[in-house]
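To keep things clear, I will list the structure first and then write my remarks on it.
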There are 2 protein chains.
Amino acid sequence: MLTDGVIYPLVFADVALFSIQERDLCVLLARRANDPEANKWALPGGILKPMIDASLDQTAVRIIRDKVGVSAGCVEQVRLFSGATRDPRGYSLSQLYCALLSKDQVCAVAGLKTSEVGWVPVKLATDKELAFDHGVMLTEALQFLRAKIKHRALPLHLLNATFSLLDLQDACSLILGSPVDKSSFRRRMKAETCIRPVQGQFREGAYRPAQLYQATPDFQF
Amino acid sequence: MLTDGVIYPLVFADVALFSIQERDLCVLLARRANDPEANKWALPGGILKPMIDASLDQTAVRIIRDKVGVSAGCVEQVRLFSGATRDPRGYSLSQLYCALLSKDQVCAVAGLKTSEVGWVPVKLATDKELAFDHGVMLTEALQFLRAKIKHRALPLHLLNATFSLLDLQDACSLILGSPVDKSSFRRRMKAETCIRPVQGQFREGAYRPAQLYQATPDFQF
DNA sequence: CATGTTATTGGCGGCGTGCAACTAAGTGTG
DNA sequence: CACACTTAGTTGCACGCCGCCAATAACATG
């Protein structure tokens, strides 16, 4: 990092990858294998590889693929962290990303590659002592996600291809950490153009079947 | 940049610095003196100097200070641009910042340091051919600013220490590029805690004097 | 058929907004 | 001094959206 008299900063992408597991909003954490902050839990991240990554955004995509084996929809920049002291290896930049994974995608991976990676409910994760400044990162990623939901974005990437309105409402409620009114939520969804009911498709199981919905092509989280 | 076999990216901070001049929303542009894209207009920017800048955010602050001689309130990250092709010098990262300057601050600088820096109305600036990907940057910085105003943030940093409600309304209107309803705007401002009327202070001049307001301590952006 | 559980809809009051008109205060003119 | 003009600030009203509460619909189980 110090070479021709000039200091080059280390450049990382760190990802807060969210998913819903067992009726809880969870974040993917990885236990650090190597030396700086070894054995501590951290957000999955990696260094920019200019020969491989067309951009730092692509670094984030690559990291997700490496960790869980699937490509997440909706990978978005949250904030850039930088400074000389946040990583003992030297002056560093870390771009924080927020990404969502559906239950279908999580199940497709079955077991994660290593036992050193796991889904942790965000309530527990924010209490954990994370490596570096990843505790702050997780908090900001959550704020970012909550702000989007408050501004009426829909977390469709957290859901399967078809879903009931209650699934969607629950996802919003889990992210916000507060209940969402059923009747006004459904009213809004009826007027929404980015989801539509799948004619004749209903959730089977107990009691009254629920109409299933799917995202329309023009949807961007 | 290529030294010990590893490629280190160049790291820049670029700033979209806005101010209101002659009833127009303007952005500060600098004419490039040196070789890549020489003579083209660009957003003021500079390279990260790890020995000087405690963080990349501080790089942005330093750049503003160097260009206009004052420190802007409210310097915020917009988006990180990265890739191998956006700058001919090699793989680069540019963090885009959005910052606001009040008329008072602009006047305090009197003339800008060089004639190669100037305030350009955003309507003209978006038409200009800017260097690198700065055209996209300017567009995104504007979107960023507009989104904040739509979400009911107040651009107090664009105004002087004391201001009339019409000043504030005009600032919002200029940013949005569309008229703002006077009556509902004033209703909102009455309920707002981040500004308060200055007792007994009125704008002098022609016709009926306008009550002057100021920001309260608890104001952020 | 009664009961429980989930799905879906409807009514109602409150709040904020956009629109339009109105009042208030000061300047300028004949 | 009456009157027109300009800017400042208010008021009334209709509309839309939201939260709250309740009702109805569809299905399962005993």
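Keep in mind the model is a prediction, meaning the values are calculated, not measured. Just so it is clear: chains get the letters A, B, ... in the order the sequence lines come, proteins before strands, and each one is counted from 1.
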**Study point:** Near-strand residues of residues 170-177 of chain B, defined as heavy-atom separation under 4.0 angstrom from DNA chain C
**Key:** none
Check your understanding: With distance as the sole criterion, do the side chain of A:S183 and the base of D:dG19 form a donor-acceptor contact below 3.5 Å?
Key -> no
Practice item. Using the ring of A:F81 (Phe, Tyr or Trp, six-membered ring only), decide whether A:R79 places NZ or CZ under 6.0 Å from its centre and within 45 degrees of its axis. Key: yes
Point to revise | Donor-acceptor under 3.5 Å (B:T126 side chain, B:V122 main chain) | key: yes
Check your understanding: Which nucleotide, C:dT27, C:dG18, C:dT5, lies nearest any side-chain atom of A:Y207?
Key -> C:dT5
**Study point:** For B:F219, ring-ring contact (aromatic ring centres under 6.0 Å, His included) partners two or more places apart
**Key:** B:H157
Review point. Partners of B:R203 by salt bridge (Lys or Arg N to Asp or Glu O under 4.0 Å), sequence neighbours excluded?
Key: B:D167
Practice item. Salt-bridge test for A:E76 and A:K148: reply yes if a basic N is under 4.0 Å from a carboxylate O, no otherwise. Key: yes
Check your understanding: Will you find, in the side chains of B:S184 and B:D181, an N or O donor that is under 3.5 Å from an N or O acceptor?
Key -> yes
Practice item. Starting at atom CG of B:L212, determine the distance to atom P of D:dT7, rounded to an integer number of angstrom. Key: 17 Å
Point to revise | d(CD, B:Q211; C1', D:dT7) in whole Å | key: 15 Å
Exercise for review: Determine whether B:L145 and B:L100 make a side-chain contact, defined as any pair of heavy atoms from C-beta on separated by less than 4.5 Å.
Suggested key: yes
Review point. Just how far, in rounded Å, is P of D:dA8 from CZ of B:F185?
Key: 13 Å
Review point. Just to confirm, is there a sub-4.0 Å distance from OP1 or OP2 of C:dT8 to any side-chain nitrogen or oxygen of A:R186?
Key: yes
**Study point:** Closest to side chain of A:K190, choosing from C:dA24, C:dT9, C:dA7
**Key:** C:dT9
Review point. Closest to the B:R187 side chain: D:dG12, C:dT8, D:dC18?
Key: D:dG12
**Study point:** Atom-pair distance (CG on B:D181; P on D:dG9), nearest Å
**Key:** 15 Å
Check your understanding: Would you say a side-chain N or O of B:R152 is under 4.0 Å from OP1 or OP2 of C:dT17?
Key -> yes
Exercise for review: Answer yes or no: side-chain N or O of A:R208 and base N or O of D:dA26 forming a donor-acceptor pair under 3.5 Å.
Suggested key: no
Practice item. Round to the nearest Å and state the distance from B:K182 atom NZ to C:dA20 atom P. Key: 13 Å
Check your understanding: Closer to the 5' end of DNA chain D via nearest nucleotide, is it A:R188 or A:P209?
Key -> A:R188
Exercise for review: Using a 4.0 Å heavy-atom cut-off across all strands, classify A:L166 as base, sugar-phosphate, or nothing.
Suggested key: sugar-phosphate
**Study point:** Atom-pair distance (CD on B:Q169; P on D:dA8), nearest Å
**Key:** 10 Å
Check your understanding: Is there a donor-acceptor contact under 3.5 Å from the side chain of B:Q77 to the main chain of A:L80?
Key -> yes
**Study point:** B:K150 NZ - C:dT17 P separation (whole Å)
**Key:** 15 Å
Review point. Can a side chain N or O of A:S184 be found less than 4.0 Å away from OP1 or OP2 on D:dG19?
Key: yes
**Study point:** Interatomic distance, B:F202 CZ vs D:dT7 P [rounded to whole Å]
**Key:** 19 Å
Check your understanding: Base, sugar-phosphate alone, or nothing: which one does B:S164 contact when heavy atoms must sit under 4.0 Å apart?
Key -> nothing
